[in-house]
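A short worksheet on the structure shown next.
Every value quoted in this text rests on a predicted model; they were computed, and no experiment measured them. Positions are given from 1, in the same order as the sequence printed here.
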Amino acid sequence: QVPLVESGGGWVQAGASLSLSCAASVSVFSGYSMAWFRQAPGKEREFVASISGTALYTNYADSVKGRFTISRDNSKNTVYLRMTSLKPDDTAVYYCAGGRTFYRNINPRNYDLWGQGTQVTVSS
């Protein structure tokens, strides 16, 4: 069973908005910090945003701050990423990740649960 399943990716034009969801099949979902990472072709996987288990604290990469919002609903075992004012540079495969780690950790190695990824393409 895949622990994390993303949905909501697609193709949009620059300036548009898109929302991603990630459903988790884990016990005690609130015990996991959750994060979104992305990977563009030929580039390393990079941190996008993270949220604490209680949903009280969030952290964002500078490149998305003010445009993206991460949230979670522990009653639904789901984490979300709302993306607005999308740019062509946001084009990537977006991955949901979870880990029993400090929410401000941005290194992918700190997260041991991963989804299969969902493609987001932003055209100019």
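At least one side-chain heavy atom of Met83 sits less than 4.5 Å from a side-chain heavy atom of Leu20. Between Ser19 and Tyr80 there is no side-chain heavy-atom pair separated by less than 4.5 Å. Residues Asn105 and Ser33 are not in side-chain contact: their nearest non-hydrogen atoms beyond the backbone lie 4.5 Å or more apart.
Among residues two or more places apart in sequence or in another chain, the side chain to side chain donor-acceptor pair (under 3.5 Å) test is passed with Asp73 by Ser75. Remark: Phe102 pairs with no residue by the ring-ring contact (aromatic ring centres under 6.0 Å, His included) rule, at least two apart or across chains. Partners of Thr118 by side chain to side chain donor-acceptor pair (under 3.5 Å), not counting sequence neighbours: none found. Legend: residues meeting side chain to side chain donor-acceptor pair (under 3.5 Å) with Asn107, ordered by chain and number and at least two apart, are absent. Residues meeting the side-chain contact (heavy atoms from CB on, under 4.5 Å) test with Thr69, sequence neighbours left out: Tyr60, Arg82.
The same ILVMFWY cluster, assembled from side-chain heavy atoms under 4.5 Å apart, contains both Leu81 and Val12. Under the 4.5 Å side-chain heavy-atom criterion for Ile, Leu, Val, Met, Phe, Trp and Tyr, Trp114 and Val93 are members of the same hydrophobic cluster. Hydrophobic clustering keeps Phe47 apart from Met34 (ILVMFWY residues linked when any side-chain heavy atoms are closer than 4.5 Å, directly or through intermediates). If you chain together hydrophobic residues whose side chains sit under 4.5 Å apart, Ile70 and Leu18 fall into the same group. When the side chains of ILVMFWY residues are joined at heavy-atom separations under 4.5 Å, either directly or via intervening members, Phe68 and Trp11 end up in two distinct hydrophobic clusters.
Distance OG1/Thr58 to CZ/Arg104: 9.0 Å, rounded to 0.5 Å. Atoms SG and CD, from Cys22 and Glu6 in turn, are 5.5 Å apart once rounded to the nearest 0.5 Å. For the atom pair OH (Tyr32) and CG (Asn74), the distance works out to 12.5 Å, reported to the nearest 0.5 Å. Rounding to the nearest 0.5 Å places OG of Ser50 at 9.0 Å from CD1 of Ile106.
Stacking of Arg72 on the aromatic ring of Phe29 is recorded, both the 6.0 Å distance cut-off and the 45° axial limit being met.
The minimum heavy-atom distance between Ser85 and Ser17, with the atom names listed, is N-OG, 4.3 Å. Pairing each heavy atom of Val79 with each of Cys96, the nearest pair is CG1-SG, 3.6 Å. Nearest heavy-atom pair, Ala40 versus Ala92, reported as atom, atom and distance to 0.1 Å: N-CB, 3.8 Å.
Evaluation of the side chain to side chain donor-acceptor pair (under 3.5 Å) test over residues 88-99, restricted to residues two or more places apart or in two chains, returns Arg38-Asp90, Arg38-Tyr94, Arg67-Asp90.
When the shell of 6.0 Å around NZ of Lys65 is examined, it contains more than 12 heavy atoms from other residues, nucleotides or ligands.
Distance alone, capped at 3.5 Å, places no donor-acceptor pair between the Thr101 side chain and the Gly99 backbone. Side-chain N or O atoms of Ser21 include none that pairs as donor or acceptor with a backbone N or O of Ser7 at under 3.5 Å.
Aromatic ring orientation, Phe37 versus Tyr111: perpendicular (interplanar angle above 60°, classes split at 30° and 60°).
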